[in-house]
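Atoms within each ligand, like the ligands themselves, are counted from 1 in listed order. This chain uses plain numbering: 1 for the first residue, then up along the sequence.
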Amino acid sequence: MPDEGDIISKEKALKRIEELRAAINEHNYRYYVLDSPIISDAEYDNLFQELKTLEEQYPEFITPDSPTQRVGGQVLSVFRSVPHSKPVLSLSNAFSEGEIREFDRRVKQLAGGAEVDYVVEPKIDGLSVILRYESGLLALGLTRGDGIIGEDVTANVRTIKAIPLSLRHREKSIPEYLEVRGEVYLPKQDFKKLNEEREEEGLPTFANPRNAAAGSLRQLDPRVTASRPLRAFFYEIREVRGEDWSLPRYQTQCLSWLKELGFPVAQFQHCKDIDQVISVLPEWEKKRHSLPYDIDGVVIKVNELEIATLLGSTGHSPRSQIAFKFPPEQVETKVKDIIVQVGRTGVVTPVAILEPVKVSGSTVSRATLHNEDFIKEKDIRIGDTVLIQKAGEVIPEIVSVVKEKRTGSEREFVMPTRCPACGSDLVKMPGEVAYRCTGMACPAQIKERLIHFASRDAMDIRGLGPRIVEALLSSGLVRDPGDLYFLKEEDLVELPRMGKKSAQNLVKSIENSKERSLDRLIFALGIRHVGKQTARILADRFGTLDELIEATEEELTTIPEIGPETARSIRVFLNTESMKEVVDKLKKAGVKAALGQEVREFKDGILKGKTFVITGTLKSMPRYEAEELIVSLGGHVSSSVSRNTYALIVGDSPGSKLDRAKELGVPTMTEDEFIQMIKGVV
Ligand code: IVH
């Protein structure tokens, strides 16, 4: 029995604990959300220390949302996969005023012609997080993942002090359920400091703040995340439920609600129309460099959320929002050398080898020069100082030569007359700018063709990258794509740096690729002038590979999208002896599209390439309907759970498939979760 004194001091302790928590939360809010702290760091630390001591004395008073409970001890071996409540979309981009006006025109047209007001927000260069709060407490933090299933990073999110563990509530009651979206980022200065520290410790540095933020949030040990000064901004209420709560009418309101609930919100601007939006863009671009965090543009959003809902989304991005990307950063560097590369159709591309330099967040050491004419036009010489930028923020390109910096020692580039890979003559076809290697058995071409065959948009053979292709070719195991299908695990383990597990996986990926649709196969063959779009048209028109092989040049040219050059190219390519051999091998191996068996695949569905398994009885629809729905959205349905299963949909009285999924760590979702997930798109 505790004596009376004990009880009193316990009561007092609880009161003080609660006071301290409230005070710390308030100071956190002032610091991270309002950006106007009123106490010093030392004073803050004292409050925190006092709370910690009291909680150590009275552990029964520790609550999960106490500021002392941000760092949990558990180290994970893998992140749990959790389906999102609805798809987490991305944004489409605009790069010019014209594209923004076009966006506005579409918005107005779809919204019935009325004037539309917009919100301009900075586009934070970090990574998306989705947070769920249940009864006001942070219950789950997810990364975007593939937009349908995210990774559970709750333990890591909890360590970010700018993220409230419990919601603030002043005027209204706490929402029963709240789901918000925001961006986790690392401030510029902290990014610089982190990289300096890493360099000193001999660790690899991060290429940009975004990678640093992503690397820090996706840590299996939350203590590592806690050691990185991550911040966050929030910009979307995905769902809110509760007595006094329903979604607000305007994005501006959404942002002020977020702030009231305790979330940091970046500075934004309300614009009455698109002219005003356009007039503020230069200010943002100027401001970009003085902000303490990296932004790569601004996001323009329709303010009225009812209009936004009306506009809907394309499956990839909402029609009511667009990102305006700032023009790329340009920097100077030197051309050390110019080499040539041989592609899969024999085209020889000159490439500039550059003095490595940082541009738009990563180090660049090469840039394509496209062809001889490009080099002549820009007058690029070896030894030149050049201005480079990243096209679309990713592909390095030379903008111009800084001629004033020439010293006279620069050398003009001369296109070689022979292929660097096989020594065959290089020729320029009439009417073309490119040189081509004429070697029928040029190893560089064969290699590129195989890489293309296995690539994502073609047969999508995971694990068959350039290194393995090279090893397969030099070991003599493979000479053309058809040979891939006869590879055995025993052959593969013999290759350098190939373990048993990777060999097994590769055999499995090759096997899986037998299911690819006809258009993918046509594209994968690598016929000149036949890109993804043309391959799709050919597949639709001919239905089977044999029909396409039989088609005459005249027949091909009757298709409106196919010109005489493409028709000839298809004819010649499919008629070569070597291609006939490849097709025979593909048939023998059981590649479905080569055999004329129909493989249904819907290209742009949100479930593209994902395999689902269903177990138990579904309430809302018969199973075959669910299966059709999945297929119509681009997914596959399989009858058994394997490591390749994307998710198991669990109905009533599930069978052993559920155990199997758990065993393999395959994500599961309830029928409701599945329906929620696809709701935005059907
Ligand atoms: S809205 C449905 N607002 O940019 C569209 N996104 O390139 C939801 N981002 O995936 C995005 N700042 O991770 C929005 N103020 C902002 C943003 C923002 C950064 C990121 C977000 C998104 C990516 C698209």
Which protein non-hydrogen atom lies closest to [atom], naming both residue and atom, and how far is it?
atom                    : answer
atom 12 (N) of ligand 1 : Ile124 N, 3.0 Å
atom 9 (N) of ligand 1  : Glu183 OE1, 3.6 Å
atom 22 (C) of ligand 1 : Arg181 NH2, 3.5 Å

Is the ring centre of Phe206 less than 6.0 Å from the ring centre of Phe191?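 Ring centres of Phe191 and Phe206 not closer than 6.0 Å.
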Could you check whether [Y] and [X], counting side-chain N and O atoms only, form a donor-acceptor pair closer than 3.5 Å?
X      : Y      : result
Tyr646 : Asp146 : yes
Ser128 : Arg144 : no
Trp245 : Glu176 : no
Glu304 : Tyr250 : no

Looking at ligand 1, does any of its N/O atoms fall within less than 3.5 Å of an N/O of [X]?
X      : answer
Lys123 : yes
Lys301 : yes
Arg144 : no
Leu91  : no

With under 30° as parallel and over 60° as perpendicular, where do the rings of Phe234 and Phe263 fit, or are they tilted in between?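 Because their plane-to-plane angle lies in the 30° to 60° range, the rings of Phe234 and Phe263 count as tilted.
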Give me the ring orientation class for Tyr118 and Phe103: parallel if the planes are under 30° apart, tilted from 30 to 60°, perpendicular past 60°.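 If you compare the ring of Tyr118 with that of Phe103, the planes turn out tilted.
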I want to check a possible cation-pi pair here: Arg231 against Tyr293, using under 6.0 Å from ring centre and within 45° of the ring axis as the test.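 No - Arg231 does not lie over the ring of Tyr293 by the 6.0 Å and 45° rule.
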Mark the output for Pro122 as yes if a heavy-atom distance to ligand 1 is under 4.0 Å, and as no if none is.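 Checking ligand 1 against Pro122, which is what was asked, there is a heavy-atom contact under 4.0 Å.
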Has Ala323 got any heavy atom lying under 4.0 angstrom from an atom of ligand 1?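 Not so, Ala323 does not reach ligand 1.
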Given Tyr185, Phe233, Tyr235, identify the one with the heavy atom nearest to atom 14 (C) of ligand 1.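 Selected option, by shortest heavy-atom distance: Tyr235.
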Which of the atoms of ligand 1 are close to Glu121, meaning less than 4.0 Å from one of its heavy atoms?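 This gives 3 (N), 15 (N), 16 (C) as the contact atoms.
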